[in-house]
Amino acid sequence: MFFRLYKYNLIRYGRQKIMIFWNLIFPIILGSLFQIAFGNYIEEEIIFHQIPVACVEEEDADENFTALLKGLEEEEIITVQFVGEKEAEELLQEDKVEGIYRNGRKSSSSESGGEIVLVVSDQGMNQSILSTILEKYEQIKAALVNIGREHPEKIQAAAAQLEEECRYLREGSVLKEPVNIVLDYFYSLLAMNCLMGATAGLMSAMEFKANLTDLAARQVVTGTRRFGILLPNLVAKITIQFVYLVFSLCYLMFALNVPLGSQWGFILLTLFVGDILGIIFGFFIGVLGKMKYRVKESICVMMMLVSSFFSGLMVTGVMRVMETYVPIFNRINPASLIVKSLYSLNIYDTYERYFQCMGNMLLMILVLGAGAFALVRRERYASV
């Protein structure tokens, strides 16, 4: 009985064109517009790529700087090509490298060698990083030279301290990925897509009210257990909505190349729980009170938009402002919980924040579900 009703509801809901548009096509269109607006910014300013650089070694080349460049290449920060002067300039002109290090170039004011010069043809983030590498190297080198000249007995201690600070900065980082505020829009888009299931949950509730629809009246008079009819209906809508969510996720990640994370299992689990939350939320609104369908539909849409706004769908950073001034709101806002769950998977090394958000969502599902089923159980009809 369950599987037969589940199959029929699955077919019926999957053929509803208005749901296909709003719950599947519309998020894809909105995601494409986000990518058009922010795609180049993400690629150029947010996602870090190894910086290609050329190095020209002359007679008085600093071997320590050469070793530094090789070490940075092993750390996947830069890629180095050791070439001649002419070839390096050609690579720079053809934009195959971001800059040229001339190692050992003689200074115009002095006959002594050992000077390191950076040559760039543009100004941007990569060029700033290359310039910072050179500046930090020269500062540390000058400090060690001064210590060696004035206090040679402390040179080893100073070098060990510098090495320890570098190790601390590498291992003590809280985040495993760089913060990307632009991805908030895509996380919020997925959260909104989850909450769009509220309209499907509302439909289930209205189809179950015998005083509002003919279909519900026929179901009531059949004598079949009410929950035996309701449960397959809800499960079918959860299934179809989850399929829409997976399709949207795959489109964002593989068609638009949006870096939403690599932990597929937890991402799908988050979307599945968010899907259930959206369906149950709409179902709760549907069984609450005796308002007409259009009124309840307006409430569902309004709540979905308000929740999505405060998760950062329209204006990035709104959720962080709420976290600062009204943190309790983010604990009960469904869209914020979904966004924080997805965001924590891509940022933090631990799962503490993720499980906190998931726990809050499951608690909301339990409360709304218990309230909705309690209201349904109390419904009685004198006649249909």
Side-chain angles (χ1 to χ4, degrees), residues 31-110 112-142 166 169-170 173 175-183 185-186 251-262 346-347:
S32 300
L33 294 176
F34 282 166
Q35 180 66 4
I36 293 172
F38 306 119
N40 291 334
Y41 177 79
I42 293 175
E43 181 67 22
E44 295 176 4
E45 302 295 335
I46 298 298
I47 302 177
F48 179 78
H49 302 282
Q50 284 184 266
I51 305 171
V53 61
C55 181
V56 179
E57 292 187 321
E58 301 185 7
E59 294 180 1
D60 298 322
D62 188 336
E63 295 181 358
N64 292 325
F65 185 73
T66 300
L68 172 65
L69 294 181
K70 292 180 179 179
L72 293 175
E73 186 172 27
E74 291 178 359
E75 294 290 335
E76 297 183 352
I77 297 175
I78 63 175
T79 57
V80 187
Q81 298 183 55
F82 293 94
V83 295
E85 179 76 21
K86 184 177 180 180
E87 185 178 354
E89 291 180 355
E90 291 177 355
L91 291 173
L92 185 61
Q93 291 175 0
E94 295 173 1
D95 293 328
K96 293 183 179 180
V97 296
E98 300 288 348
I100 303 173
Y101 285 119
R102 290 197 174 103
N103 186 0
R105 184 181 182 185
K106 291 185 177 181
S107 173
S108 59
S109 60
S110 175
S112 60
E115 184 182 7
I116 303 172
V117 178
L118 173 64
V119 179
V120 296
S121 61
D122 195 5
Q123 293 295 327
M125 182 181 68
N126 290 340
Q127 287 77 14
S128 298
I129 293 174
L130 296 178
S131 178
T132 302
I133 291 173
L134 179 57
E135 290 175 2
K136 292 299 181 182
Y137 173 76
E138 291 179 339
Q139 291 174 5
I140 294 174
K141 179 181 177 180
C166 292
L169 291 174
R170 287 197 303 269
S173 177
L175 306 180
K176 66 178 181 179
E177 297 288 345
V179 176
N180 183 350
I181 60 174
V182 176
L183 289 183
Y185 289 109
F186 295 98
Y251 178 77
L252 291 176
M253 295 188 68
F254 300 116
L256 301 183
N257 295 319
V258 179
L260 295 176
S262 58
N346 204 24
I347 295 297

* **ring pair (Phe, Tyr, Trp, His ring centres under 6.0 Å) against Y251, all qualifying residues, sequence neighbours excluded** => none
* Structure fact -> So the ring-ring contact (aromatic ring centres under 6.0 Å, His included) pairs with at least one residue in residues 118-141 (sequence neighbours excluded) are F65-Y137
* To do: Kindly indicate, with the supporting measurements, whether the criterion side-chain contact (heavy atoms from CB on, under 4.5 Å) is fulfilled by I78 and I129.
  => CA-CA 10 Å; I78 63 175; I129 293 174; 5.8 Å; no
* **Approximate separation, where rounding is to 0.5 Å, of L72 CG and I77 CD1** => 5.0 Å
* **Audit row: K141, N64, side-chain contact (heavy atoms from CB on, under 4.5 Å) steps and yes/no** => CA-CA 9 Å; K141 179 181 177 180; N64 292 325; over 6 Å; no
* Asked: Which atom names give the shortest non-hydrogen contact between Y101 and L130, and what distance separates them?
  -> OH-O, 2.6 Å
* Structure fact -> CD1 of I51 to CD of E73, rounded to nearest 0.5 Å, is 12.5 Å
* To do: For Q123, check side chain to side chain donor-acceptor pair (under 3.5 Å) against everything at least two apart and list the hits.
  => none
* Asked: Just how far is it from atom CG of N257 to atom CD of Q35, taken to the nearest 0.5 Å?
  -> 7.5 Å
* Structure fact -> On a heavy-atom basis, the closest approach of L69 and C55 is CD1-SG, 3.8 Å
* Under the salt bridge (Lys or Arg N to Asp or Glu O under 4.0 Å) test, residues paired with E94 that sit two or more places apart -> K96
* Can you tell if the side chain of N346 reaches within under 4.5 Å of the side chain of L260, non-hydrogen atoms only? -> no
* Partners passing side-chain contact (heavy atoms from CB on, under 4.5 Å) against S131 (at least two apart in sequence or in another chain) -> L118, E135
Review item, side-chain donor-acceptor pairs of residues 80-89, under 3.5 Å, at least two apart:
| residue | atom | partner | partner atom | Å |
| --- | --- | --- | --- | --- |
| E85 | OE1 | R102 | NE | 3.0 |
| E85 | OE2 | R102 | NE | 2.8 |
| E85 | OE2 | R102 | NH2 | 2.3 |
| E89 | OE2 | R102 | NH2 | 3.3 |

* Structure fact -> Taken in chain and number order and not counting sequence neighbours, the residues that satisfy side-chain contact (heavy atoms from CB on, under 4.5 Å) with Q127 are E98, V120, D122
* Side chain to side chain, E58 and N103, heavy atoms closer than 4.5 Å -> no
* Asked: CD1/I100 to CG/L91 distance, rounded to the nearest 0.5 angstrom?
  -> 7.5 Å
